[in-house]
Amino acid sequence: MTHGLPEWMPRAFSKLRLARYVRDARGNAVVAGRLYWWNVEASAALYGSLHCLELALRNAVHGQLALAHQRDDWWTVAPLSPNGRRLVSKARSKCERRGLVPAPPDDIVAELTFGFWASLVSGGSGYDRSFWVPTVHKAFPYYSGRRDVLYDGLWSLVLLRNRIMHHEPIHHRDLAADHAKIYRMIGYLDPELAKEAQAMDRFPDVLAGKGPTLRGSRPSRF
């Protein structure tokens, strides 16, 4: 399936990983190689805006919950689900393995995942009434829509971020829509941050270069 690619590519990246790109390039090995590198470039170009979203979400939600519970370690009294408590315990353990005993709240916050913070917007485990209605909605001062729509948007970006961080293909996605969604979510938190992040964002140029990158392939969905 990877015949026609440089010999070092299957050795370095595995035949199984590259086979997906060859298949999507309809068997054109040259185009598959270009597509692989474009996927790397697109992933890197999206990292900055996802970085801004994750940190802004984390700090906004943490700030509101710390204020509401009058303590930085709000998770000790908030009604987290069993999975939420497990993630906090995992974050605490990571801090303690670095010699931070007891683990400071700020370090635990930094270890908690994008998925953890996004989950606090969900309606599962009673979170709608225990988190969103009294407190978490205040982290999104520029949003006035439904909680479930906001959560669906955030969770789709958690999945995108995870694909990028695990070096998975993203080229097949509607990345223009993903990119726009990232900035909508940042804007709900802090429009000034969204404006600043866009000023350094090179993803539109990378996306515009996808066509030339794949030129020479047979007609396809690219």
Side-chain angles (χ1 to χ4, degrees), residues 13 17-26 31-61 87 112-124 132 136-137 139-215 217 220-222:
F13 302 136
R17 176 179 292 273
L18 291 171
R20 168 73 179 271
Y21 293 88
V22 175
R23 185 167 59 248
D24 287 346
R26 299 190 175 184
V31 171
R34 293 173 184 163
L35 181 59
Y36 186 88
W37 289 120
W38 187 87
N39 194 85
V40 172
E41 187 178 12
S43 297
L46 286 168
Y47 177 82
S49 55
L50 285 169
H51 163 100
C52 292
L53 173 59
E54 182 172 352
L55 292 186
L57 175 68
R58 172 203 298 174
N59 291 320
V61 173
L87 292 173
L112 287 167
T113 64
F114 189 8
F116 172 84
W117 299 107
S119 75
L120 297 178
V121 181
S122 78
W132 175 256
V136 172
H137 75 276
F140 301 88
Y142 301 93
Y143 182 71
S144 58
R146 290 170 36 172
R147 177 205 53 75
D148 59 339
V149 174
L150 178 65
Y151 172 72
D152 287 347
L154 284 171
W155 196 253
S156 72
L157 295 175
V158 169
L159 298 178
L160 173 63
R161 180 261 184 207
N162 289 346
R163 290 195 70 81
I164 288 172
M165 297 308 292
H166 290 94
H167 319 303
E168 295 296 327
I170 62 168
H171 62 83
H172 57 287
R173 296 175 60 104
D174 184 348
L175 293 177
D178 288 329
H179 183 253
K181 187 186 299 181
I182 292 170
Y183 281 100
R184 283 201 305 277
M185 297 297 153
I186 297 175
Y188 298 148
L189 295 158
D190 188 337
E192 290 186 23
L193 172 60
K195 183 178 179 180
E196 189 68 21
Q198 282 182 311
M200 62 85 184
D201 193 336
R202 65 186 186 88
F203 179 75
D205 291 336
V206 172
L207 186 62
K210 187 177 186 182
T213 296
L214 301 175
R215 190 169 293 140
S217 64
S220 72
R221 60 190 170 126
F222 298 128

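These values consider heavy atoms only, across backbone and side chains, with no hydrogens, waters or symmetry-generated copies. Residue indices begin at 1 and follow the sequence shown. Predicted model, so just to flag it, every value in this text is computed and none were measured.
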Open item on the list: Holding to side chain to side chain contact (heavy atoms under 4.5 Å, CB included), I want the full list of residues that pass it with Leu87, two or more places apart in sequence or in another chain.
Closed with: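 With neighbours one apart ignored, the set is Asn83, Leu112, Phe116.
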Between the side chain of [X] and the main-chain N/O of [Y], is any donor-acceptor distance below 3.5 Å?
X	Y	answer
Arg173	Leu160	no
Tyr188	Pro191	no
Arg58	Phe114	no

Taking C-beta and beyond as the side chain, do [X] and [Y] meet within less than 4.5 Å on heavy atoms?
X	Y	answer
Val158	Asn162	yes
Tyr36	Arg17	yes
Glu168	Asn39	no

Just list the side-chain donor-acceptor pairs under 3.5 Å for residues 192-206, sequence neighbours left out, or say none.
{"residue": "Asp201", "atom": "OD1", "partner": "Phe203", "partner atom": "N", "Å": "2.7"}
{"residue": "Asp201", "atom": "OD2", "partner": "His179", "partner atom": "NE2", "Å": "2.6"}
{"residue": "Asp201", "atom": "OD2", "partner": "Tyr183", "partner atom": "OH", "Å": "2.6"}

Task: Worked verdict on Leu189 versus Phe140 for side chain to side chain contact (heavy atoms under 4.5 Å, CB included) - done: CA-CA 5 Å; Leu189 295 158; Phe140 301 88; 3.6 Å; yes
For the student: nearest non-hydrogen atoms of [X] and [Y], plus distance:
X	Y	answer
Ala42	Leu175	CB-CD1, 4.4 Å
Thr113	Glu54	C-OE2, 4.4 Å
Ala25	Val31	CB-CG1, 3.8 Å
Leu53	Leu154	CD1-CD2, 4.4 Å
Arg163	Pro169	NE-O, 2.9 Å
Trp38	Gly209	NE1-C, 4.1 Å

Nearest 0.5 Å please: distance from the [atom1] atom of [X] over to the [atom2] atom of [Y].
X	Y	atom1	atom2	value
Ile182	Ser49	CD1	OG	3.5 Å
Trp132	Asp148	CH2	CG	10.0 Å
Ile164	Leu159	CD1	CG	11.5 Å
Asp152	Arg147	CG	CZ	8.5 Å
Ser119	Trp155	OG	CH2	6.5 Å
Leu18	Leu35	CG	CG	10.5 Å

TODO: Measure centre to centre between the rings of His171 and Tyr21, then say whether the value is under 6.0 Å.
DONE: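 Yes - the distance between ring centres of His171 and Tyr21 falls below the 6.0 Å cut-off.
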Task: Full working for side chain to side chain contact (heavy atoms under 4.5 Å, CB included) between Asp178 and Leu46 - done: CA-CA 9 Å; Asp178 288 329; Leu46 286 168; 5.7 Å; no
Open item on the list: Can you see whether Asp24 engages His172 through a side-chain donor-acceptor pair at a distance of less than 3.5 angstrom?
Closed with: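 Short answer, no.
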